[in-house]
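What follows is a set of notes on a single structure, which appears directly below.
If you read the sequence from its start, that first residue is 1, and numbering goes on from there.
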Amino acid sequence: MDQKTFENKAEQLNKKMPEYCPITYSMSIIGSKWKIPILWKLILDDGQHYNHLKRMVGGITNTMLTKSLRELENDGLIVRHSDGTVPPSVTYHLTSLGKDLVYTMEELFDWGQKLHAAHEE
């Protein structure tokens with residue numbers, strides 16, 4: 001992005017800025033170490049069981065996975081679905097609010113690839 005385009009975009013954002021910072025607010029919801037990887041895995045393959053999510057995310061403890069899933073559920077990004085069977089069968093699904101993140105995650109993905117390539121040079 002050239003400097004003029006950047007300055008115009010920054011000016012537009014500054015004019016739209018409410019009293020609180022929407023970026024800071026968003027990051028308070030999804031910015032922990034594990035929430036983005038959990039959301040990314042659900043974007044790639046929605047409707048996952050707890051143990052499958054744990055394997056897919058890798059390196060996360062049971063405590064952190066449980067805490068992150070509860071917080072994402074409380075914030076309305078995922079929903080926990082229980083089949084009511086014995087033994088319990090629970091799956092996690094993105095809500096429509098969680099699915100809205102697909103565009104942001106795609107942009108982060110693309111930016112991450114560009115950043116990685118720049119560091120490889």
Side-chain angles (χ1 to χ4, degrees):
M1 173 181 304
D2 65 50
Q3 186 63 27
K4 184 66 176 166
T5 304
F6 172 77
E7 288 171 3
N8 287 338
K9 190 65 172 168
E11 186 177 332
Q12 289 172 1
L13 288 171
N14 193 30
K15 286 179 183 176
K16 290 182 359 182
M17 184 62 72
E19 200 168 296
Y20 71 96
C21 177
I23 295 170
T24 303
Y25 178 73
S26 299
M27 292 307 294
S28 73
I29 303 294
I30 64 168
S32 76
K33 178 178 180 178
W34 298 109
K35 288 181 183 176
I36 288 179
I38 291 167
L39 290 165
W40 182 247
K41 298 304 180 186
L42 288 173
I43 285 170
L44 296 177
D45 195 11
D46 197 24
Q48 294 301 314
H49 291 276
Y50 180 94
N51 285 329
H52 191 229
L53 262 177
K54 188 170 189 299
R55 283 190 301 275
M56 289 173 65
V57 171
I60 190 169
T61 64
N62 285 326
T63 302
M64 283 310 300
L65 180 56
T66 299
K67 180 180 185 293
S68 297
L69 289 169
R70 282 185 184 148
E71 289 174 0
L72 289 168
E73 185 177 13
N74 288 338
D75 290 326
L77 298 178
I78 65 170
V79 64
R80 181 182 185 270
H81 177 74
S82 175
D83 291 338
T85 60
V86 177
S89 178
V90 174
T91 52
Y92 294 90
H93 301 268
L94 293 168
T95 62
S96 59
L97 188 60
K99 289 176 182 177
D100 285 345
L101 279 169
V102 72
Y103 302 106
T104 303
M105 297 290 259
E106 181 180 29
E107 290 292 324
L108 279 173
F109 181 88
D110 293 343
W111 183 74
Q113 283 188 313
K114 190 184 302 182
L115 184 64
H116 184 265
H119 284 138
E120 290 293 309
E121 295 175 353

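- By the rule that hydrophobic residues join a cluster once side-chain heavy atoms approach within less than 4.5 Å of another member, M56 and F109 end up as members of separate clusters.
- Put simply, the side chain of T95 gets close to the backbone of L77: a donor and an acceptor are under 3.5 Å apart.
- No path of Ile, Leu, Val, Met, Phe, Trp and Tyr side chains, each step under 4.5 Å between heavy atoms, connects I23 with M1, placing them in separate hydrophobic clusters.
- Here the OG atom belonging to S26 is positioned 8.5 Å from the CG atom belonging to L101, to the nearest 0.5 angstrom.
- For the atom pair Q48 CD and I38 CD1, the distance stands at 12.0 Å (nearest 0.5 Å).
- A 4.5 Å side-chain heavy-atom check between I78 and L39 finds at least one atom pair inside the cut-off.
- In terms of heavy atoms, L53 sits closest to K41 at CD2-CB, 4.1 Å.
- The two residues G47 and L42 make their nearest non-hydrogen contact at N-CD2, 4.1 Å.
- Both M64 and V90 belong to a single network of hydrophobic side chains, linked directly or stepwise wherever heavy atoms of I, L, V, M, F, W or Y lie under 4.5 Å apart.
- Under the side-chain hydrogen bond (donor to acceptor under 3.5 Å, both in side chains) rule, E7 has a single partner from K9, K4, Q3, which is Q3.
- Cluster annotation: Y103 is connected to I36 through the hydrophobic network of ILVMFWY side chains, with a link wherever side-chain heavy atoms come within less than 4.5 Å.
- We find the CG-CG distance between L94 and L72 to be 9.0 Å, quoted to the nearest 0.5 Å.
- With values rounded to the nearest 0.5 angstrom, W40 atom CH2 is found 12.5 Å from I30 atom CD1.
- In this structure, D83 and T91 have side chains that are not in contact, with every pair of non-hydrogen atoms separated by 4.5 Å or more.
- Without hydrogens or angle criteria, K35 side chain to I29 main chain gives a donor-acceptor distance under 3.5 Å.
- Inter-residue side-chain proximity for K114 and D110 is flagged as unmet; no heavy-atom pair is nearer than 4.5 Å.
- Checking side-chain atoms of Y50 against main-chain N and O of Y92 turns up no donor-acceptor pair under 3.5 Å.
- Taking both residues in full, the closest heavy atoms of S68 and W34 are given as OG-CB, 3.9 Å, listed atom of the first, atom of the second, then distance.
- Expressed to the nearest 0.5 Å, how far CZ of R70 lies from CG of L65 amounts to 10.5 Å.
- When side chains are defined from C-beta on, N51 does not count as touching H49, because their heavy atoms never get closer than 4.5 Å.
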